[in-house]
There are 2 protein chains.
Amino acid sequence: MHNAVDMTPPPVLSDAVTIELNAVLVALTENQPLVLTLEDGTLLPSGPFATEHPTLQIGVRAWVERQTQHPLGYVEQLYTFADRNRPASDGQRRVVSISYLGLTRERLSAGARDPEWRSWYRYFPWEDWRSGPSPLVAETILPQLAAWADAVSDPVLQRERRQRIEVRFGDGTENWNEELILQRYELLYEAGLVPEARQATDRVVPATGTNGQLVPVPGMPMRHDHRRILATGIARLRAKIKYRPVFFELMPPEFTLLQLQRAIEALAGRAMHKQNFRRLIDQQGLVEPTGASTSETRGRPAKLFRFRREVVLERAVAGTKLPLSRPI
Amino acid sequence: MHNAVDMTPPPVLSDAVTIELNAVLVALTENQPLVLTLEDGTLLPSGPFATEHPTLQIGVRAWVERQTQHPLGYVEQLYTFADRNRPASDGQRRVVSISYLGLTRERLSAGARDPEWRSWYRYFPWEDWRSGPSPLVAETILPQLAAWADAVSDPVLQRERRQRIEVRFGDGTENWNEELILQRYELLYEAGLVPEARQATDRVVPATGTNGQLVPVPGMPMRHDHRRILATGIARLRAKIKYRPVFFELMPPEFTLLQLQRAIEALAGRAMHKQNFRRLIDQQGLVEPTGASTSETRGRPAKLFRFRREVVLERAVAGTKLPLSRPI
DNA sequence: CCTCATTATGCTCATTCTTAGTATAAATAT
DNA sequence: ATATTTATACTAAGAATGAGCATAATGAGG
């Protein structure tokens, strides 16, 4: 590397580290957003980055495809971090984790136990607002967070905590921003309301119930920080669907507009107005009718659509608009 | 790490790699967006990630602050890549580069040669549309890209190339999307129109002028892939200013609304309608008047503003809207 | 002092977008 | 046949946006 004379840091040996790749692999089935898990749903798939992989992305694709027997469509880097909660001083090499978001069209080996596809709302039940405000927020989460805010005596800090709660969770019925899933998880972690927070070494102020005990919020935990990585992936996807047509990779080659709508709603965790959704979709020229219709549903048969070739080719830069506003 | 029996890849030694940290460090002075460079503007600052750094971000902060003698405000991870153009088979450890975007309030050591702050439009002159469409696009870039598209005989490929050019550059006067800076750079690279493309080992189809020679587009190159990293940082920043109040970190504690507008315009590379800008800004409650005004400018004195405390505290989730549309 | 150039700021207005419907069509289940 | 379900067309109120006019407050130059 370069060595500008007065810029060079004191000669320090850049240490050897080991790279671990993590994947948040997403699929959609029957209006459920699924994520691939291992070991009874407690881990995301991960694997080492090795010499045989020319690039990181090829590394991720290689072992995900081997594990799932399925070609991986869209792959996007999520985040890289080093040594969260892992000490480096025991003679072992430090581990740097690089996480990826992957989208795939169909799930496979349904019912398998390892790997197993699970709805991500098992991990984040409060994030599903498709049929209105999740009662978990108003009834369980907000009261406990309020207690956590009250637990600090300094009025300035208390006000800051209340503000942070309000921005992330709204009031339980309004001002819900589905993109803030990661920030919500992190706040719950900080408040000691998720089980993962107990094992952590850093200072955590646990919330206590009326009997002085920790009362974890419903939602399945994962090992290490994999639930946080999952939240990062969901957040990225929820943000991205609003301006890039990522759902290409999740949909079958032909679909009805309602299927498309339900797919996006599954990702966003919110319902959309049907007529407005259709208007936006065909205004944008993302899809074209195949000419056929389906009568798999009960009512009037729906036209089938496919994504337009030109848009698929340029999906990395093509724009989308959805009747999901970017709140505040 | 976990080891699900039928999931384990063939036992492969996860190889040791070296981590290198790169920084795109941005500041604003006199309506120019500046980036910190080394070695006569040919490199971005980079340094090794070493044992003494508990986390990656602390590592970046540590040596950037040592190099610039200036506290680093906002820091955000950009991208991680391994071995772009670097062979791994010579017995040396592979290098994984992790790049960061940093924002800082004031530049320092003005006029110093190393490190030196430079306007990023020296590297991407075609990206400055603040006083209308950049003539470089219509007069230099588009003709050469058109020649590059024509150079392929297969009509399907030719149409695809034309479409990619159109999406990224528009027609030279309209449909300019300032967020696509990275995709534009990559297209110029692919077309062989930037000098960096010549040294690359991968297959590059160089564009040729009328006399059969490579005609690079104006804009200073950098070594390695640092200009690409810079483009990544600018793209991230241009996208982010539209929905998060990142400009906090770049502005002085007090400023006029015109100063704020010029700052954002410098980042976006586009001009905004003054009255509409003001309307949006005060609708959102991002700033509050300090009560004072300034008469540093020639005309009517402008009120001074500061960012509101509440918004600064929650800047990671606070929203912004600017009269810069997210085109297509 | 007067006028002009310059910047700041208030206000309007037409257009487009968005939201939240109503209405109607075409199928299935009973 | 009738109720139910789904698809699709259309509309009207309200909000947001884009473009511009009008006025205010200052310094510079005569």
Side-chain angles (χ1 to χ4, degrees), chain A residues 30-31 129-132 174-176 242-243 254-265 268 270-305 319-328, chain B residues 30-31 129 132 174-176 178 242-243 254-265 268 270-306 319-328:
Chain A
E30 283 160 28
N31 302 334
W129 282 47
R130 282 177 290 178
S131 36
E174 285 187 331
N175 289 61
W176 181 259
K242 296 189 188 168
Y243 61 96
E254 302 194 348
F255 48 86
T256 69
L257 291 185
L258 185 60
Q259 284 167 355
L260 181 61
Q261 181 181 345
R262 294 283 176 253
I264 295 168
E265 289 175 338
R270 327 199 79 185
M272 290 182 290
H273 182 105
K274 196 199 257 194
Q275 295 93 320
N276 292 343
F277 174 79
R278 296 159 151 274
R279 178 178 52 195
L280 275 185
I281 290 298
D282 67 37
Q283 265 176 18
Q284 294 173 82
L286 289 175
V287 299
E288 60 192 5
T290 66
S293 351
T294 178
S295 52
E296 285 173 28
T297 52
R298 273 183 294 186
R300 169 173 167 178
K303 286 190 216 153
L304 285 170
F305 290 83
T320 320
K321 232 186 314 183
L322 294 177
L324 285 164
S325 48
R326 196 187 277 275
I328 286 225
Chain B
E30 283 161 29
N31 302 334
W129 282 48
E174 285 186 333
N175 289 59
W176 180 258
E178 66 277 357
K242 296 187 187 168
Y243 60 96
E254 302 195 347
F255 48 85
T256 70
L257 291 184
L258 186 59
Q259 284 167 356
L260 181 60
Q261 181 179 348
R262 294 282 177 252
I264 295 169
E265 288 175 338
R270 328 198 79 185
M272 290 182 290
H273 181 105
K274 195 198 257 193
Q275 294 94 320
N276 292 343
F277 174 80
R278 297 159 153 273
R279 179 175 55 189
L280 275 186
I281 290 298
D282 67 37
Q283 264 176 16
Q284 295 174 82
L286 289 174
V287 298
E288 60 191 5
T290 65
S293 357
T294 178
S295 51
E296 284 173 26
T297 53
R298 274 181 294 183
R300 171 173 167 176
K303 284 192 214 150
L304 285 171
F305 290 82
R306 70 171 80 89
T320 322
K321 232 185 315 183
L322 294 176
L324 284 164
S325 47
R326 192 186 279 273
I328 287 227

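What you are looking at is a predicted structure, and each value in this text was computed from that prediction instead of being measured. Residue numbers begin at 1 in each chain, while the letters A, B, ... track the order of the sequences.
If you take CZ of A:Phe277 and C1' of C:dA20, they are 17 Å apart, rounded to a whole angstrom. Atom CE of A:Met272 and atom P of D:dT8 are 16 Å apart (whole Å). In this structure, B:Phe305 atom CZ and C:dT9 atom P are separated by 6 Å, rounded to whole Å. Going from atom CG of A:Leu260 over to atom P of D:dT8 covers 13 Å, rounded to whole Å. One can place NZ of A:Lys274 at 14 Å from C1' of C:dA23, the figure rounded to the nearest angstrom. If you measure from atom CG of A:Asp282 to atom C1' of D:dC10, you get 13 Å, rounded to the nearest angstrom. Here the C1' atom of nucleotide C:dA25 and the CZ atom of A:Arg278 are 13 Å apart, to the nearest Å.
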Q: Take nucleotides 16-26 of chain D nucleotide by nucleotide from the 5' end and write B, S or -, depending on whether a protein heavy atom sits under 4.0 Å from the base, only from the sugar-phosphate, or from neither.
A: -BBBBB--BBB

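Contact record, B:Glu254 with B:Thr290: OE2-CG2, 3.5 Å, taken as the closest heavy-atom pair.
Residues that satisfy the side chain to side chain contact (heavy atoms under 4.5 Å, CB included) test with B:Lys274, not counting sequence neighbours, are B:Leu258, B:Gln261, B:Arg278. Take B:Arg279 and apply the side chain to side chain contact (heavy atoms under 4.5 Å, CB included) test, not counting sequence neighbours, and it matches B:Asn276, B:Gln283.
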Q: Let me see the working for A:Asp282 and A:Phe305 under side-chain contact (heavy atoms from CB on, under 4.5 Å), right down to the final yes or no.
A: CA-CA 10 Å; A:Asp282 67 37; A:Phe305 290 83; 6.0 Å; no

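Side chain of A:Gln284 to backbone of A:Lys321: a donor-acceptor contact under 3.5 angstrom is found.
At the heavy-atom level, B:Lys303 lies under 4.0 Å from the strands shown only through sugar-phosphate atoms. Among the protein residues, B:Leu258 comes within range of the sugar-phosphate backbone only, with heavy atoms under 4.0 Å from sugar or phosphate atoms but none that close to a base.
For the atom pair CG of A:Leu322 and CD1 of A:Ile264, the computed distance is 5.0 Å after rounding to the nearest 0.5 Å.
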